[in-house]
**Student:** 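Right, I'll just put the structure down here and ask away after.
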Amino acid sequence: MTGMTYEEKVGNTVICRCEEVTLSEIRDWIGRGYDTVTELKHVMRVCMGPCQGRGCRDIIMREISQAAGIPLDRVEAGAVRPPVKPVKTRLLASGDD
Amino acid sequence: MEWKNRADAVIIGGGILGIATAYYLAKMGMRDVVILERGTVCCGSTGRCGAGIRAQWGTEMNCRLAIATIGIFEHLEDELGMSIGLNQCGYLLVAYSAQELANLRSYMKLQNELGIESRTVSLDEAREICPALDAGDAEGFTYHARDGHADPFLTTYAFLEAAKGMGVVCHRKTECTGIRIKYDAAVGVSTSKGDIDAGIVINCAGGYASQVAAMAGVDLPNWGERHEIMITEPVEPGICPPMLMSFSGNYYIQQRPHGSIICGMSPAGHHHSAECGTTWQFITRMSRVLNRLLPATRDIRVVRHWSGLYDMTPDGSPIIGETDVKNFYHSTGYSGHGFMLAPIAGKILAQHLTGTQPDIDFSPLDYRRFARGELITEPNIT
Ligand SMILES: Cc1cc2nc3c(=O)[nH]c(=O)nc-3n(C[C@H](O)[C@H](O)[C@H](O)COP(=O)(O)OP(=O)(O)OC[C@H]3O[C@@H](n4cnc5c(N)ncnc54)[C@H](O)[C@@H]3O)c2cc1C
Ligand code: FES
């Protein structure tokens, strides 16, 4: 990323690899008032990829904390849904009911 | 956000019904429209739904509403200026007995009379529409090409952003705690952040509609029913090109444009429920159905599983209109089809409230129909 302006770096930095969402897109939506993990997840699918936010949730929470001026430990992490670790349907289908 | 003490209309609920209604009210010239959402927008059923859109219904009312709503969806991205993730892939309805096929055919006749171009398809044609489908045990199929699905978040936020552009105010994390009544009319609401005087109060509280109605002393027969749903990792397109659905088979399966497969089935027993939550039984049974119908899904991974409430009424049809308390309106009880009906329902209620003749006469959806025994019972639901 040498030779890029700060804006270009922000624009090109991918924060959510699963859904290919950049830092500038995240800052843009936070600026429009979508300042919770839940709402950002809804508009950009961040935290909804195969890794379920393991790769991006912390960075997004840090961005919210900075933009909203609230301590990181007060930023809500949003819902984490089962099965948490992706499981093949053939394995799930073999369970008891 | 600016707090106004008075509004022309206050809408309780930031799901797609509340937000689409606010959008149409503003579009039709209402000045001060305020939405109250106790959580965040889409935190209720809207953000938990399958967002399927279909016109293959079994009552005249639902057919009329649905074909009109599809007409709106088809131009919504242009109108609102934002993507809504619409995928008009068609619904392939699967019948598993001669009786069920005869039923689907009779509803199809009604649909055709109302301008809906649904049709029956052969097993061969069904395989063309959905090549990976294993439906040797099916009796027959009906199909309507203009059915499909959209992204529930994007659709709701597209309505919200367009509404905000016209001055609509949406208060998140603001709970309606009371309806203020003078004589026989609603004059405003109490909220966790203060009171607002309002000319009109609209209950769009989804699965909590009867609690909100009770604040004004209005008794709604609605109840919540929990429905589970799951989504897979994104996979190559073409695993399930249409929306696959069966009433007796009790399933709906769709593949979103980004590749994930979303599927759900109705709970055994249809118990009343006020809470969301998930069960292993669902994920096991749903995976079996998926593997049987679409064997190509066996090695695909499930990444999330959640549930939401259907806001049920005794006849499975919505409640739209004024209550015994003047200026207090309902737009609730959409069971499993409130996402798709929201654009038309928001539009016709807004037309009525701004003094225009509604595109569709919704007076039969008045909540007093239950007391009168004039039910509009929808047969085409799981
Ligand atoms: C698993 C599942 C699958 C579905 N699939 C489909 C489908 O394929 N197609 C389709 O058309 N429909 C589908 N539905 C149905 C659809 O989701 C609903 O009919 C629709 O979202 C209802 O929208 P709503 O705005 O009325 O309710 P909601 O989205 O539930 O919104 C109501 C809002 O009101 C808020 N609220 C409640 N009480 C208060 C209060 N006192 N003060 C302030 N706010 C309050 C809640 O927080 C909530 O956000 C499905 C539903 C589920 C659960
Ligand atoms: S990195 Fe965001 S969901 Fe995986």
Side-chain angles (χ1 to χ4, degrees), chain A residues 14 16-21 25-26 28-57 60-61 64 67-70 74-97, chain B residues 1 39-43 46-48 82-83 85 151-154 156-158 160-161 164 170 172-173 228-235 256 258 260-261 263 268 276-292 294-307:
Chain A
V14 173
C16 176
R17 287 168 185 241
C18 297
E19 300 289 334
E20 294 182 26
V21 178
E25 288 173 280
I26 290 170
D28 195 38
W29 279 105
I30 294 177
R32 294 167 74 177
Y34 292 69
D35 57 2
T36 59
V37 173
T38 308
E39 288 161 303
L40 292 171
K41 177 171 144 181
H42 294 170
V43 284
M44 289 181 290
R45 306 194 56 78
V46 291
C47 302
M48 284 177 153
C51 90
Q52 292 293 289
R54 275 189 196 78
C56 60
R57 190 184 303 266
I60 293 167
M61 287 171 66
I64 293 172
I70 50 174
R74 285 195 34 221
V75 176
E76 286 168 37
V80 178
R81 307 217 185 269
V84 180
K85 219 172 163 196
V87 186
K88 286 184 180 174
T89 59
R90 70 156 85 220
L91 198 72
L92 294 167
S94 67
D96 296 332
D97 61 20
Chain B
M1 185 173 294
T40 50
V41 167
C42 286
C43 71
T46 301
R48 299 160 179 274
M82 222 175 107
S83 162
D151 183 311
F153 304 116
L154 292 183
T156 309
Y157 290 122
L160 179 61
E161 289 298 315
K164 281 189 198 162
C170 177
R172 298 175 300 167
K173 301 188 181 157
E228 296 180 65
I229 176 168
M230 69 189 200
I231 187 168
T232 72
E233 62 189 331
V235 289
R256 292 294 299 151
H258 70 262
S260 291
I261 295 166
C263 50
C276 299
T278 50
T279 64
W280 275 102
Q281 286 88 337
F282 168 82
I283 208 168
T284 304
R285 289 181 193 150
M286 192 70 241
S287 297
R288 282 185 196 146
V289 170
L290 201 58
N291 288 177
R292 178 167 52 79
L294 300 165
T297 59
R298 286 195 185 132
D299 288 316
I300 298 174
R301 295 172 176 85
V302 175
V303 294
R304 277 193 307 283
H305 164 207
W306 67 96
S307 74

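Reminder, nothing fancy here: chain letters follow the sequence lines and each chain counts from 1.
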**Student:** Got a donor-acceptor contact below 3.5 angstrom from the A/T89 side chain to the B/T297 backbone?
**Tutor:** yes
**Student:** Can you sort out the partners of A/V87 under side chain to side chain contact (heavy atoms under 4.5 Å, CB included), two or more places apart, ordered by chain and number?
**Tutor:**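 Side chain to side chain contact (heavy atoms under 4.5 Å, CB included) list for A/V87, sorted by chain: A/P83, A/L91, A/L92.
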**Student:** For the backbone of A/K88 and the side chain of B/R298, can you confirm whether one donor and one acceptor N or O come within less than 3.5 Å of each other?
**Tutor:**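 It does not hold such a pair.
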**Student:** If you round to the nearest 0.5 Å, how far is NE2 of B/H258 from CD of A/E20?
**Tutor:**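 The CD atom of A/E20 sits 12.5 Å away from the NE2 atom of B/H258.
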**Student:** Measure A/E39 against the heavy atoms of chain B and call it side chain, backbone, both or neither at under 4.5 Å.
**Tutor:**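 Both parts, backbone and side chain.
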**Student:** So do the side chains of A/H42 and B/C42 get within less than 4.5 Å of each other, counting heavy atoms only?
**Tutor:**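 Yes, their side chains come closer than 4.5 Å.
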**Student:** Side chains of A/R45 and B/F153: closer than 4.5 Å at any heavy-atom pair?
**Tutor:**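 When only atoms from C-beta onward are counted, B/F153 and A/R45 do not touch, as no gap falls below 4.5 Å.
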**Student:** Which residues satisfy the ring-ring contact (aromatic ring centres under 6.0 Å, His included) test with A/W29, sequence neighbours excluded?
**Tutor:**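 Expected list: A/Y34.
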**Student:** What option among B/T40, B/D299, B/I300 has the most heavy-atom pairs under 4.5 Å with chain A?
**Tutor:** B/D299
**Student:** Quick one: does any side-chain atom of B/R304 pair with a main-chain N or O of A/R81 as donor and acceptor, under 3.5 Å?
**Tutor:** no
**Student:** Where does B/I261 contact chain A at under 4.5 Å (heavy atoms): side chain, backbone, both or neither?
**Tutor:**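 Neither the backbone nor the side chain of B/I261 comes within 4.5 Å of chain A.
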**Student:** Counting distance only, does the side-chain N/O of A/R90 pair as donor-acceptor with the main-chain N or O of B/N291 below 3.5 Å?
**Tutor:**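 Such a contact is absent between A/R90 side chain and B/N291 backbone.
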**Student:** Minimum heavy-atom separation for B/T284 to A/G95, with atom names?
**Tutor:** CG2-O, 3.3 Å
